[in-house]
Amino acid sequence: MTEMLKIDKLNKTFAAPTGDVIALNNIQLQVKKGEFITIIGPSGCGKSTLLKIVAGLDTDYTGAVVLNGKPVDGPSIEKGFIFQEPRLFPWLTVEKNIAANLSLKDPTTRTRVTELIELVRLTGFEKSYPRELSGGMAQRVAIARALLRNPDVLLLDEPFGALDAFTRAHLQEVLLDIWQTNRTTMLFVTHDLDEAVFLGQRVIIMNPRPGHIRSVQPIDLPFPRKRSSSSFQELRHKVLSEFEKVEEPTIDVGAGI
Amino acid sequence: MSEQVLVKKQHERDGWLSRIPKPLHGWILPLIIVVIWELVSDIGNISATMLPSPISVVAQFARLTMNGELFEYIGISVYRAAQGFLLGSIAGLLIGLSTGLGKLVERTLDTSLQLIRTIPLLSLIPLFILWFGIGEFSKVLMIALGAFFPVYLNTFLGIRSVDLKLFEVSRIFQYTRWQLLCKMIIPAALPNILLGVRLSLGISWLVLVVAEMMGASAGVGYMIQDARGYSQTDIVFVGIIIFAVVGKFSDSGVRYLEKKWLHWRDTYKG
């Protein structure tokens with residue numbers, strides 16, 4: 001398969017009153033077309049910053065971020081983005097939120113919107129307003145909205161972080177469903193270990209201060225995965241041990257509280 | 001069974017109110033005041049010049065309606081207020097949009113506008129008369145100036161309180177500038193804009209009366225001023241009530257638009 005996203009020697013510093021803070025240090029990452037990548041790390045490791053740079057929302061960096069052979073220089077519809085919050089337009093109904101700046105009067109858009117509402121299992125809620133939706137439903141609308149633009153890559157920034165465990169598990173299934181149907185490349189940032197192993201074909205483990213990639217763990221389990229299976233647990237432990245190494249400098253073992 | 005109990009409870013809580021149709025609830029208090037007013041002017045020894053009875057006011061209203069004077073005056077007043085209101089609020093909307101959207105426009109324009117805003121409008125009357133005379137133009141311009149600021153301030157505020165997070169979404173979807181304005185900024189700022197419109201309608205009415213009293217040969221304000229000169233207090237009351245009723249109707253109009261356009265809001269409704 002071909003490399004669709006190449007990140008090479010990516011560095012990012014934030015200017016702070018106490019001096020510059022290195023947010024991302026020498027990030028190297030190549031993503032194949034159709035691949036499902038999860039990025040996991042403690043807060044402050046720059047995983048969200050990395051995602052924003054790939055999205056083109058943050059262009060103040062050094063190094064190269066190349067999508068489909070073109071350097072990323074701003075946001076575009078090829079890079080769908082799902083935020084932690086659904087970020088729906090409160091004055092629009094579900095179907096109009098999905099269409100957003102596209103017109104529902106256009107028959108192709110109309111059909112696609114109906115299909116996507118079915119895909120995210122929201123049939124019957126087309127005319128509802130965001131205030132009438134639960135958190136999980138609203139996030140599914142946001143996913144449909146991103147998918148309508150047929151993005152080459154879908155960037156997800158802890159999209160299920162604010163949801164309860166049941167809704168989260170359900171939405172993970174929905175997302176895998178979508179991935180298997182559409183084969184959209186996924187870059188999924190999370191701080192949930194189970195989620196990272198459950199979804200990703202490769203788990204990128206990031207380390208803070210300065211933010212860099214600690215290691216990459218391939219997850220060679222077939223879908224659908226069983227969380228209770230021993231191979232799943234084994235890989236989970238493998239990532240966890242990496243994760244603990246990551247946490248090491250920040251945890252004072254035996255310091256006592 | 002339990003539903004019936006609930007309904008009954010609701011009735012008990014509202015008591016006698018439940019016997020009166022809901023839209024009329026707001027009119028109970030004005031009605032009581034009118035009744036007391038009638039009693040006071042009947043029993044008490046108050047001269048009709050000080051406080052005419054409601055019945056004489058109604059009689060005067062009927063007379064003015066019959067000879068067509070009243071509706072002519074109302075028409076002229078409403079036309080004036082509408083001209084001034086439209087001029088002022090559209091200018092307020094457009095300038096509010098441009099200061100809200102552009103930092104440069106804000107920096108160059110806002111200070112001047114804020115300076116003008118602090119001047120009490122009524123203190124400008126002598127200048128308006130001096131510069132523009134006491135004709136229609138002068139009146140409409142004054143109303144427009146009064147109507148301008150509420151819409152201007154609230155449009156600006158509405159735009160500046162647009163959620164940055166939604167703005168990011170519109171960047172990712174590559175909204176054109178036009179789409180950004182029509183599908184993102186204006187809908188998000190609409191609650192504030194409508195509030196500005198409501199305030200500005202009230203001010204238009206207020207300035208209208210002042211403008212018509214400072215010199216006019218027609219209109220409800222003129223009618224009041226003229227009647228006062230002849231001690232026809234009942235006509236003064238007719239004029240005041242007309243202002244109250246027309247003002248209330250215009251306000252209801254905006255509230256209807258709020259209900260229609262802002263029903264998506266997730267707010268406490270009492």
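Every chain is numbered from 1, with letters handed out A, B, ... down the list of sequences.
Residues A/Phe83 and B/Lys165 have side chains not in contact (no heavy-atom distance under 4.5 Å, counting atoms from C-beta outward). Between A/Leu92 and B/Pro187, the closest side-chain pair of non-hydrogen atoms is not below 4.5 Å. Put simply, the side chain of A/Leu57 reaches to within 4.5 Å of the side chain of B/Ile172, judged on heavy atoms. The shortest distance between side-chain heavy atoms of A/Pro75 and B/Gln174 does not fall below 4.5 Å. Annotation: side chain of A/Trp91 is not in contact with side chain of B/Leu262 (no heavy-atom distance under 4.5 Å). With contacts defined as side-chain heavy-atom distances shorter than 4.5 Å, the pair B/Phe173/A/Leu102 does not qualify.
Evaluation of the side chain to side chain donor-acceptor pair (under 3.5 Å) test over residues 64-73 of chain A, restricted to residues two or more places apart or in two chains, returns A/Asn68-A/Asp152. Residue pairs meeting the salt bridge (Lys or Arg N to Asp or Glu O under 4.0 Å) criterion with at least one partner in residues 168-178 of chain B, sequence neighbours excluded, are A/Lys52-B/Glu168, A/Arg87-B/Glu168.
Environment of NZ in B/Lys183: crowded, with over 12 heavy atoms of neighbouring residues, nucleotides or ligands closer than 6.0 Å. Crowding of A/Leu176 atom CG: a count of heavy atoms from other residues, nucleotides or ligands under 6.0 Å exceeding 12.
A donor-acceptor pair under 3.5 Å is formed between the side chain of B/Gln179 and the backbone N or O of A/Asn101.
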message = With side-chain contact (heavy atoms from CB on, under 4.5 Å) as the criterion, how do B/Val169 and A/Phe89 come out once you've worked through the C-alpha distance, each side chain's angles and the decisive distance to 0.1 Å?
response = CA-CA 9 Å; B/Val169 174; A/Phe89 300 111; 4.0 Å; yes

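Interface summary for chain A: among B/Trp261, B/Trp264, B/Tyr175, the most heavy-atom pairs under 4.5 angstrom belong to B/Trp264.
Both the backbone and the side chain of A/Ala100 come within less than 4.5 Å of a heavy atom of chain B. Neither the backbone nor the side chain of A/Glu132 has a heavy atom closer than 4.5 Å to any heavy atom of chain B.
Contact annotation for residues 82-110 of chain B against chain A (heavy-atom separation below 4.5 Å): no residues qualify. Using non-hydrogen atoms only and a strict 4.5 Å limit, no part of residues 244-260 of chain B faces chain A.
In this pair, B/His263 and A/Tyr129 present their aromatic rings perpendicular. The plane angle is above 60°, beyond the 30 to 60° band.
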